[in-house]
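Structure first, then comments.
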2 protein chains.
Amino acid sequence: MTPVERARRFRSTHAARLVRDFAGLLAIPDVAADPGGLRRTAGWIADRFNALGADAEVLGLDGAPPVVVGRIEGSGGGPTIGVYAHYDGQPVDPAAWSVPPFGPTLLTGRLEDGGEEIDLPADGTPVHPDWRIYARGSADDRAPIMALSAALEALQGSTPDATVVFLFEGEEEVGSPHLPDYLDAVADRLAADVWLICDGPVHQTGRPQVVFGVRGFAEVEIEVFGPPHDLHSGHYGEWAVNPAAALSDLLASMRDIDGAVAIEGFDQGAAPTDAEVDAARAVPDPGDLGFVPNDAHAYAEGLLTPLLNVRGIRSGDVGDASRNAVPATALASIDLRLVAGQDPVEAIQSVRRHAAARGFHLVDGKPSAAERSAHRLLARIDGVPGYPGVRTSPDHPAFEPVIEAVRAAAGDDPVIVPSFGGSVPLHHFEALGAPLAILPIANHDNNQHSPDENLRVGNLWYGVDVMAALLGG
Amino acid sequence: MTPVERARRFRSTHAARLVRDFAGLLAIPDVAADPGGLRRTAGWIADRFNALGADAEVLGLDGAPPVVVGRIEGSGGGPTIGVYAHYDGQPVDPAAWSVPPFGPTLLTGRLEDGGEEIDLPADGTPVHPDWRIYARGSADDRAPIMALSAALEALQGSTPDATVVFLFEGEEEVGSPHLPDYLDAVADRLAADVWLICDGPVHQTGRPQVVFGVRGFAEVEIEVFGPPHDLHSGHYGEWAVNPAAALSDLLASMRDIDGAVAIEGFDQGAAPTDAEVDAARAVPDPGDLGFVPNDAHAYAEGLLTPLLNVRGIRSGDVGDASRNAVPATALASIDLRLVAGQDPVEAIQSVRRHAAARGFHLVDGKPSAAERSAHRLLARIDGVPGYPGVRTSPDHPAFEPVIEAVRAAAGDDPVIVPSFGGSVPLHHFEALGAPLAILPIANHDNNQHSPDENLRVGNLWYGVDVMAALLGG
């Protein structure tokens with residue numbers, strides 16, 4: 001029997017108990033506001049893995065929730081695979097939930113689709129894969145932890161081919177402030193051929209997906225200064241610089257409607273490989289979202305290049321409040337989505353240089369009278385560098401066993417996503433020196449970060465199967 | 001003696017009494033909220049002109065403040081000159097005034113410069129030209145009415161060369177809604193070789209000015225539609241049209257930073273004549289306003305062309321409220337300043353055509369789902385046509401006696417302003433068929449439309465002298 005076949009036979013026998021066990025984990029509050037709950041969660045996880053023959057330990061740094069670090073020793077016949085997940089969840093507002101966020105509740109389906117509450121199953125009760133477990137952290141992100149422990153249990157009695165090293169953290173939802181320190185402290189235990197970040201949902205179509213990168217992030221604020229005060233537009237509309245018009249001109253010079261960025265040096269990041277472009281073109285489009293999309297490229301292909309997104313503009317007044325004036329200022333708020341190899345600080349600098357090359361004198365704050373008297377075009381451009389993007393080509397050989405495991409578990413080729421469009425601080429894991437991929441488990445409609453978060457049982461089973469396939473043997 | 005010499009001798013003898021007479025007019029409330037005050041003001045004016053041998057009449061239309069229409073019969077040796085002024089003033093908030101708005105108060109100078117209140121002068125008291133009369137309507141716009149009556153009094157005993165026809169209205173400050181009807185009703189009494197709109201201030205330098213046009217006005221609102229709801233900028237930043245970026249692109253395509261408009265058909269108005277351009281280049285610049293002006297042209301030259309002013313933009317959020325999203329909409333509020341010969345409705349249409357030519361599908365309101373599914377670029381462009389501009393070349397022969405009169409009164413060449421940048425519904429007077437010019441009397445620092453409105457006595461004297469020179473004889 002293959003590992004996946006063993007996992008399936010195991011969970012067909014123990015499905016009800018696995019659901020109850022998972023409910024036991026989900027009953028422990030896992031939010032930042034409850035440090036004791038986070039510690040109990042970490043303890044529950046380490047105990048479970050140790051009981052199954054793994055070597056798991058709860059490690060704590062002062063003032064931070066602990067991590068669970070562990071190792072499942074393989075036979076040496078397979079690769080060493082790193083598995084990351086986080087056991088903390090988003091904050092909860094119980095009043096906004098249909099069920100208690102930490103009173104795990106089983107439903108026969110999605111609440112919106114008429115799913116009805118049922119008791120947790122007794123041994124022997126058939127468990128339907130469309131059932132849903134409602135609780136904070138059920139999908140994001142305790143599902144992969146439960147799945148790995150269940151796979152390990154399914155394969156008891158033999159030694160897996162692969163060695164798995166794992167790290168489960170407890171403060172991802174507050175920005176992972178201590179993750180670099182933890183990684184640094186236990187780096188010697190985390191050496192692996194490949195690291196899998198087990199978080200997020202599978203594809204909207206229900207197909208499994210493996211994601212080989214994320215974009216980085218930076219923020220930029222551009223404030224263009226017109227006259228010191230609003231001026232009568234009839235008398236001074238030609239005489240004074242209109243900052244709303246100047247800002248529009250500057251933004252239009254930076255990017256076109258399709259999103260192509262025309263800032264010199266902004267494309268310094270990694271150019272997509274042929275394999276990445278091919279994979280991106282094969283990713284299904286998001287479907288009909290109620291608008292005609294830009295047609296410059298396939299959906300995921302666009303995510304392989306950096307983006308300058310205008311998230312807001314404020315200048316003067318509009319509507320009933322509008323006055324016939326040249327406004328004094330115009331403000332744009334921008335987020336930059338960066339590709340691997342693109343330095344956030346340098347990306348911000350390239351925006352500043354672009355504006356300067358178009359004649360703007362850059363000031364640090366509100367311009368002084370002397371600056372106003374010396375320069376016609378004045379702008380303040382402040383940046384907040386976030387973090388860089390990460391991308392590894394899907395054709396890297398370290399990913400072969402991962403894709404093979406997904407295929408074995410799902411009976412279907414996974415969607416190969418060369419990069420998420422969104423930003424995740426995946427770069428922290430680059431310190432480990434291994435190729436990185438994101439391997440999601442949860443259903444796409446899991447209400448992530450919202451009330452009524454839930455995991456489809458079938459997705460938990462997919463997680464068990466894929467973890468078993470990864471362990472091999 | 002010239003008429004100006006006669007006016008000066010007269011007012012040197014009667015200065016104190018003229019100031020007291022003017023105070024008598026200013027003591028009558030002249031605001032829209034007090035219809036009785038407006039009627040009494042009109043009566044005061046007609047009585048004064050009739051007492052001086054003019055033929056003045058108070059005419060009323062139902063539901064409107066009356067106008068004073070009159071005629072000063074000349075010898076036939078000069079032109080017929082039309083004089084317009086308005087006897088109503090801006091609303092008052094007495095609490096914001098330093099003096100009672102309708103308790104005319106004489107000060108030795110400008111309040112801000114330490115001017116001190118003095119009693120209205122008794123006969124024989126020397127009256128200093130830098131004294132100021134504080135009251136609502138002292139400058140805007142009862143000064144020209146007082147000046148014309150004083151000039152007529154100064155020239156008593158002989159028949160002037162020119163015939164003056166006049167119309168003083170009482171609802172200019174609420175938009176002159178009945179002016180077209182009044183002009184239509186008494187058009188046969190208002191035939192003239194030239195019409196002078198006596199309103200507004202002289203040049204900031206203190207030099208007299210004659211203004212030969214105003215710009216027209218229209219409003220445009222552009223709303224660009226992105227996705228139906230805000231979308232995650234990382235995942236959809238390339239896929240969905242960003243309306244803030246699309247609006248910026250559209251605005252930048254319509255005008256440059258210097259204010260040059262690139263909309264086809266927007267330049268359909270009157271091209272400036274050589275005389276207008278020469279005059280515009282000779283108008284003093286506004287001086288140092290605390291910024292470096294656009295340098296595409298001399299200040300007033302810019303006012304001879306139409307303007308597209310962006311008075312406000314709103315899209316998404318900025319600052320602490322900014323979210324990493326593609327906003328759903330972007331809104332720009334625009335005012336158009338139109339030159340003579342440019343149709344406001346057509347100007348708005350040219351903006352719409354411009355957007356359509358750049359690929360925008362124009363919708364009437366929020367786009368329907370069908371419109372969203374059919375068109376990538378969607379915009380709503382609504383216009384409010386205001387009124388057209390008016391301009392007559394300063395070298396029109398009808399203006400020769402006007403410019404000569406100003407020169408005689410001021411001892412200085414007037415500033416020849418081919419067009420104000422601002423907008424005034426001067427076009428109503430085009431129905432009278434005569435060349436139009438604006439002949440201001442008041443000091444530039446008269447606090448027009450603000451509390452503590454005031455007239456410098458020297459400017460009243462200038463008004464008396466220029467009216468006497470116009471009457472001639």
Side-chain angles (χ1 to χ4, degrees), chain A residues 215 227-228 232-242 244-246 248-249 251-252 255-257 259 286 289-294 299 302-303 307 309-319 322-327 330-333 335 337 369 372-377 420-423, chain B residues 215 227-228 232-242 244-246 248-249 251-252 255-257 259 286 289-294 299 302-303 307 309-319 322-327 330-333 335 337 369 372-377 420-423:
Chain A
R215 291 200 283 194
H232 189 289
S233 59
H235 298 317
Y236 299 109
E238 282 86 355
W239 194 242
V241 167
N242 181 311
S248 295
D249 188 86
L251 293 175
R255 55 157 285 171
D256 67 15
I257 296 179
L289 299 179
F291 59 86
V292 178
N294 287 318
Y299 169 69
L303 311 180
L307 171 72
N309 179 63
V310 183
R311 52 189 187 179
I313 302 181
R314 281 291 177 288
S315 183
D317 288 299
V318 298
S322 61
R323 292 160 296 112
N324 298 325
V326 177
L331 184 66
S333 181
D335 58 306
R337 302 288 178 165
R372 289 185 183 278
S373 295
H375 305 280
R376 187 174 72 99
L377 297 178
F420 263 154
S423 303
Chain B
R215 291 200 283 194
H232 190 289
S233 59
H235 297 316
Y236 300 109
E238 282 87 356
W239 194 242
V241 167
N242 180 311
S248 295
D249 188 86
L251 293 175
R255 56 157 285 173
D256 66 14
I257 296 179
L289 298 178
F291 60 86
V292 178
N294 287 317
Y299 168 69
L303 311 180
L307 171 72
N309 179 62
V310 184
R311 52 188 187 178
I313 302 182
R314 281 291 178 290
S315 183
D317 288 299
V318 298
S322 61
R323 293 161 294 111
N324 298 325
V326 178
L331 184 66
S333 181
D335 57 306
R337 303 288 177 164
R372 288 186 184 278
S373 295
H375 305 281
R376 187 173 72 98
L377 298 178
F420 262 153
S423 303

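Letters A, B, ... are given to chains in the order of the sequence lines, protein chains preceding strands, and every chain is numbered from 1.
In this structure, CG on Leu289(B) lies 10.5 Å from OG on Ser373(A), to the nearest 0.5 angstrom. Taking CG from Asn324(A) and OG from Ser423(B), the interatomic distance works out to 7.5 Å, rounded to the nearest 0.5 Å. For the atom pair Trp239(B) CH2 and Leu303(A) CG, the distance stands at 10.0 Å (nearest 0.5 Å). Rounded to the nearest 0.5 angstrom, Arg255(A) CZ and Asn242(B) CG are separated by 5.0 Å.
With a threshold of 4.5 angstrom between heavy atoms, Ala374(B) approaches chain A through N, CA, C or O but not through any side-chain atom. Heavy atoms closer than 4.5 Å to chain B are found in the side chain of Arg337(A), but not in its backbone. Residue contact with chain A, scored on non-hydrogen atoms closer than 4.5 Å, involves the backbone of Ala325(B) exclusively. Looking at Arg215(B), only its side chain comes within 4.5 Å of chain A, counting heavy atoms on both sides. Leu377(B) touches chain A through its side chain: at least one heavy atom from C-beta onward sits under 4.5 Å away, while N, CA, C and O do not. In this structure, chain A has a heavy atom under 4.5 Å from the side chain of His232(B), while its backbone stays farther away.
In this structure, Ala252(B) and Ser248(A) approach most closely via the heavy-atom pair CB-O, 4.0 Å. Residues Ser233(B) and Asp335(A) approach most closely at OG-OD2, 2.6 Å, considering heavy atoms. Across every non-hydrogen atom of Val318(B) and Ile313(A), the tightest pair is CG1-N, 3.8 Å. Across all their heavy atoms, Tyr299(B) and His235(A) have their closest contact at OH-O, 2.9 Å. Nearest heavy-atom pair across Arg372(A) and Gly290(B) is CB-O, 3.3 Å. Of all heavy-atom pairs spanning Phe291(B) and Pro228(A), the tightest one is CD2-CD, 3.7 Å.
Note on Ala332(A), Gly237(A), Ala330(A): by heavy-atom pairs under 4.5 Å with chain B, the leading option is Gly237(A). Of the listed residues (Asp249(B), Asn309(B), Val326(B)), the one with the most heavy-atom contacts under 4.5 Å to chain A is Asn309(B). Ranked by heavy-atom pairs under 4.5 Å with chain B, the first of Ala369(A), Gly259(A), Pro286(A) is Pro286(A).
Using a 4.0 Å cut-off between charged nitrogen and carboxylate oxygen, Asp317(B) and Arg314(A) count as a salt-bridge pair.
Of the possible donor and acceptor atoms, none in the side chain of Tyr236(A) sits under 3.5 Å from a partner among the backbone N and O of Gly421(B).
Residues Val241(A) and Asn294(B) meet the side-chain proximity criterion, which asks for heavy atoms closer than 4.5 Å.
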